[in-house]
Amino acid sequence: MSAGESPTIVIPFVSPRAGDPVITSELVADHGLSDDEYERICRIMGRTPTFTELGVFSAMWSEHCGYKNSKRLLQLLPTQAPWVIQGPGENAGVIDVGDGYALAFKIESHNHPSAVEPYQGAATGVGGILRDIFTMGARPIAVLDSLRFGDLDSARVRYLFGGVVSGVGDYGNCVGIPNIGGEVAFDRGYEGNPIVNAMCLGLMKKEDLITASASGVGNTLMVVGARTGRDGIHGATFASEELSEESEEASRPRVQVGDPFTEKLLLEASLELISSGAITGIQDMGAAGITSSASEMAGRAGNGVQIDVARVPVREPDMTPYEILLSESQERMLVVATKGHEHEVHRILEKWELEAEEIGEVTADGRFRVLENDAVIADMPALPLTEGCPTYEREGIEAEEVRQLREMDLTEHLIPNGDLTKAFLLLLASPNVASKRWIYHQYDTTVRTSTAVRPGGASGVVRIRGTKRAIAATTDCNGRFVYLNPRRGAMIAVSEAARNLVCTGAVPTAITNNLNFGNPLKQHIYYQFREAVLGMADACKAFETPVTGGNVSFYNETDGRAIYPTPVIGMVGIIEDLSNITPQSFQSKGDDIVLLGENTAEMGGAEYLYVTAGLVAGEPPRVDLARERQLQRAVLTMIQNNELRSAHDCSEGGLACALAECALGDEEAPFGVKVELDDTLPPVATLFAESQGRIVVSCAPDRTENVIKLAMDHSVPARRIGKVGRRGEAFHVTAIAGQIKIDLVTLSRAYFGALPAIMNTPASSVE
Amino acid sequence: MRVGVVTFPGSNCDYDLYKAAQQVGADVEFIWHRQKNLDGYDVVMLPGGFSYGDYLRAGAIARISPVMEDIVGFAENGGPVLGICNGFQILCEAGLLPGALIRNVSLRFESRDVHMLVEQTETPFTSEYQKGQILRIPIAHGEGNYEADGQLLEQLEAEGRIVFRYVNRGGEMTEEANPNGSRNSIAGLTNESGNVLGMMPHPERAMEEVLGSVDGMGVFLSLAANLSTVVL
Amino acid sequence: MNHFRMEILVKPRPGLLDPEGKAIHHALRSLGWTDIHDVRVGKAIYIDLEAEDSVTALETTEAMCRKILANPVTEDFEVSVVGDTERITA
Amino acid sequence: MNHFRMEILVKPRPGLLDPEGKAIHHALRSLGWTDIHDVRVGKAIYIDLEAEDSVTALETTEAMCRKILANPVTEDFEVSVVGDTERITA
Ligand SMILES: Nc1ncnc2c1ncn2[C@@H]1O[C@H](COP(=O)(O)OP(=O)(O)O)[C@@H](O)[C@H]1O
Ligand SMILES: [Mg+2]
């Protein structure tokens, strides 16, 4: 080549595989690619892609893998802090938690699969998130689940709810990872399109961190674990489609079945592989299977990979390369073994009664090349698969319908329709407020013997064996607030998560998030998305809780109607000393009850409106991030100074419901309550408004002065509102112009009996 | 005391059991399910979990693991064997304990604290408890419903082989206090010679205040007390 | 009205992973039964009911399957009459 | 050698508690099917194997049942051949 001449680019020619369909514009559209995107692919390839190549591009450039419509906004989130070891971009985020330990954590959604097959959809959701954690070299130590369903009066919704809960439970129980918390909400806004998000936390010694990259040219790619079947082919594109009547029928063959037993073996084998030093990288085969794991691993290392699909162990005969590359069969991993150490991988896998097969190698040429025996059937540049997906920023406009709901005048609802005690019982027995025991009694919460606070507390806590430390975690999001005001709603979600951690004695440290939204191509959905991301970014900055990873789930729509925008926040915190762990419920009769924060008449989005009037309306409560931060600092100081016996934040159902939860505890020995509230507000607002920035604490009477003083030092309003009564005494809360008085047995029955009673009525997969 | 904790594929309480035994001063080792030699162990413990995924029936596939033959021999020679949760299920499947554990009446996995009454203290597993003591201990299982025919139940009662029974906080045997529908509220029982104990609740999960209860310690302290005298 | 005993066989749909079948297959193999190609596990449900005749009994049972006994997404079912009044009371 | 598909029906022994059957019975009743006397739930296991002839296939399968597939304390079993080479490969 002489100077000035441009280098000749050799475009590898790949002849179409016999039997593969020809590429037509319909086929391109079926793969979820726009004309522009297809042209871009042709430019990248330097020719038209083969059918297999089209499948690979389509999966990698799907919303699920390519983050087309979210990437630009997500870049606005804060991701850095001195304690962040691994930010977004890996299988999971990792933070330093002290004493030489690192914590990996992440949240994932499995909404669409769960809508079609609740049990398997939820189970495989848990399976996927566990793999994301142990492929970082961390041993999973806890799971949380964040769920949303339609109203439980539908037999189909009960079927979905019951199926999801046993799916989440059976999978985690079998693998042996304790569930330490989560959340659930029921609202017609989720009818037909449930939300199933699972979060996992894993612990490792800092030096055991491993990443998912295909480094070391010449190293061997191995697939380990379960065999590849036709499950979930095109799951990644499927996860990015709206649900419709037909999709339920049409997507059946895509259902993936989970095998938690194999997962448990895979977990042990993977951790053993990682500590053996025989491998340089490992990644779960999640959405888009081998395709995404291989190309992402290549992309991260700036290398290429060559894979022979004929060597992939399959479960079914006659699978095409297209199917093998895109299968989403569960419980599989891609491992990069150091050249010459393959036998060690085989030895470890054999011990755990699992298969391992060498399927290819890491190359230097930056190509993603696929062979079928000797024939090349795909040959494409690796980097554009992971980095080349076009990203879009769209215009967002608020829906008129939502604006009207938000601006609705709620004054008439401040006048109670009858007896306050009756309204209160109705609220307490609403599945959104009532005890969630029916759920978490199906989850193993104590396996691994490290759970210090089980589900039912403000946040779950697991101790780190051999240290004085513990990790706390919570998931939070009130979708109604986000629906009515996305920016504020997202801020509330972050604030509430932090508040929940603080109540158990933890310092909020970092978040992962799961952004569940409708179709982003619709302007009003994009508006919700953008506003929510902006709100989250502000709140995360205010609380110094960087985002270390997350997941976006778009197209959560049924027949054109979107769910409430639901940006679930999964937050983790550190408890420096086990003695700081603080319960949520009252501990001792005669203790003073102190309210931190202020009651307001902000009824917007309150559960009270939904229960009494079927309304989701009004401006959600204000949230002042600076004051919220002060409140949380104050409570942490009180806890560290040993001033408190309990702390509980006010959320769904307002102050009255928070007090009831403090009184009831785990049902065994509830305490009476005597509280007097002198707020000059309508009693409905005092008792049931969901104003932000409030925490109910209890303390020994000789500590009350300190508690109030500490609050004042932080400019947090505080006042003693009453006393913890004797066991068996009444629950009595008085507001100006109204009161709630009720015996503990009735209270307990309403709160604990609600969900079991509802779930005792038959469920059905058909309406 | 030298304790062997057996790990089957799918066991998930093996590590917890290991730690619990270590806490009372035992010298503990894991026994891989393919191991064939139990020489030198004073106690063998079968942990909870989901050996072979609990597929077919809980404990059914683990029962054919190579180690089980030796465990049967170990038990026949009087060696103490403790099976907790899935370990209990395996012992029943292997015929080392009578009866069977079938699905909970609720058909749901049941995970929570239960209360159980200590009825027998003349066993190597319970000598450090008081007769009539009420323990608060976690359960976590889907198939813990102890099933046996009337004749066997009578025999178990007559021979005093029921060691633990589900009760409420006040010590009464009630339907609500029975978390899985077990016949006669049986939570744990021994074989005829008293050296094999199976129980559904998890004493190893109730060993530290930070976990909510220390009521499970008695099981491990009893073994330590009984076996260290044997060894010395 | 007559008595019928219905047998309902509920099987995992072909192509779907059957982890239980896989585990049993593995166990049988390790016990020396190596000539096995495949194991699939489903449910066998027996319902004793009263109906006009066997056709109605079958129809009713199929309706139960669609409504609650089988999961249409993951399972297929087969219904048959395996007993009538005499055999049941015997 | 020939291929056989074996069907194994594993049923809870009469008289023993069958929590799943009871729950299904209850659910069916509350859905309006009130003419049901009893529901029992067992397992249906399908094994594709190779054997000399159907007699050997049956014997082998029965041995599997005794060894592991059924629990003699709580379950009875029934074995039959439901398919041979042709039907299986079809
Ligand atoms: N799906 C779930 N899985 C596990 N625990 C749950 C789930 N839903 C709720 N919980 C637990 O029930 C308790 C009450 O839930 P919630 O009312 O959402 O708490 P809060 O309002 O304090 O955030 C919490 O401890 C929570 O962890
Ligand atoms: Mg709440």
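Chain letters run A, B, ... following the sequence lines, proteins first and then strands; every chain starts at 1. Note that the structure is a prediction, hence the values are computed from the model and not measured.
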Check: In terms of heavy-atom proximity below 4.5 Å to chain D, should B/Leu152 be classed as side chain, backbone, both, or neither?
Finding: neither

Note to self: Please rank B/Arg63, B/Arg57, B/Glu147, B/Arg183 by heavy-atom pairs under 4.5 Å with chain D and give me the top one.
What the structure shows: B/Arg57

Is it the case that atom [atom1] in [X] sees more than 12 heavy atoms from other parts of the structure closer than 6.0 Å?
X: D/His26; atom1: NE2; answer: no
X: B/Glu69; atom1: CD; answer: no
X: B/Glu122; atom1: CD; answer: no

Item checked: Sole residue of B/Asn180, B/Asn145, B/Asn104 in side chain to side chain contact (heavy atoms under 4.5 Å, CB included) with D/Pro19 ->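 Exactly one candidate clears the test, B/Asn145.
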
Note to self: To the nearest 0.5 Å, what is the distance between CG on B/Asp149 and OG1 on D/Thr74?
What the structure shows: 11.5 Å

Next item on the list: Write down the atom of B/Ala60, the atom of D/Ile68, and the distance for their closest heavy-atom approach.
Entry: O-CD1, 3.9 Å

Next item on the list: Please look at D/Ile45 and chain B and tell me whether the side chain, the backbone, both or neither of the residue comes under 4.5 angstrom of a heavy atom of that chain.
Entry: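 D/Ile45 touches chain B through side-chain heavy atoms alone.
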
Check: Is there side-chain contact between B/Ile102 and D/Glu20, with heavy atoms separated by less than 4.5 Å?
Finding: no

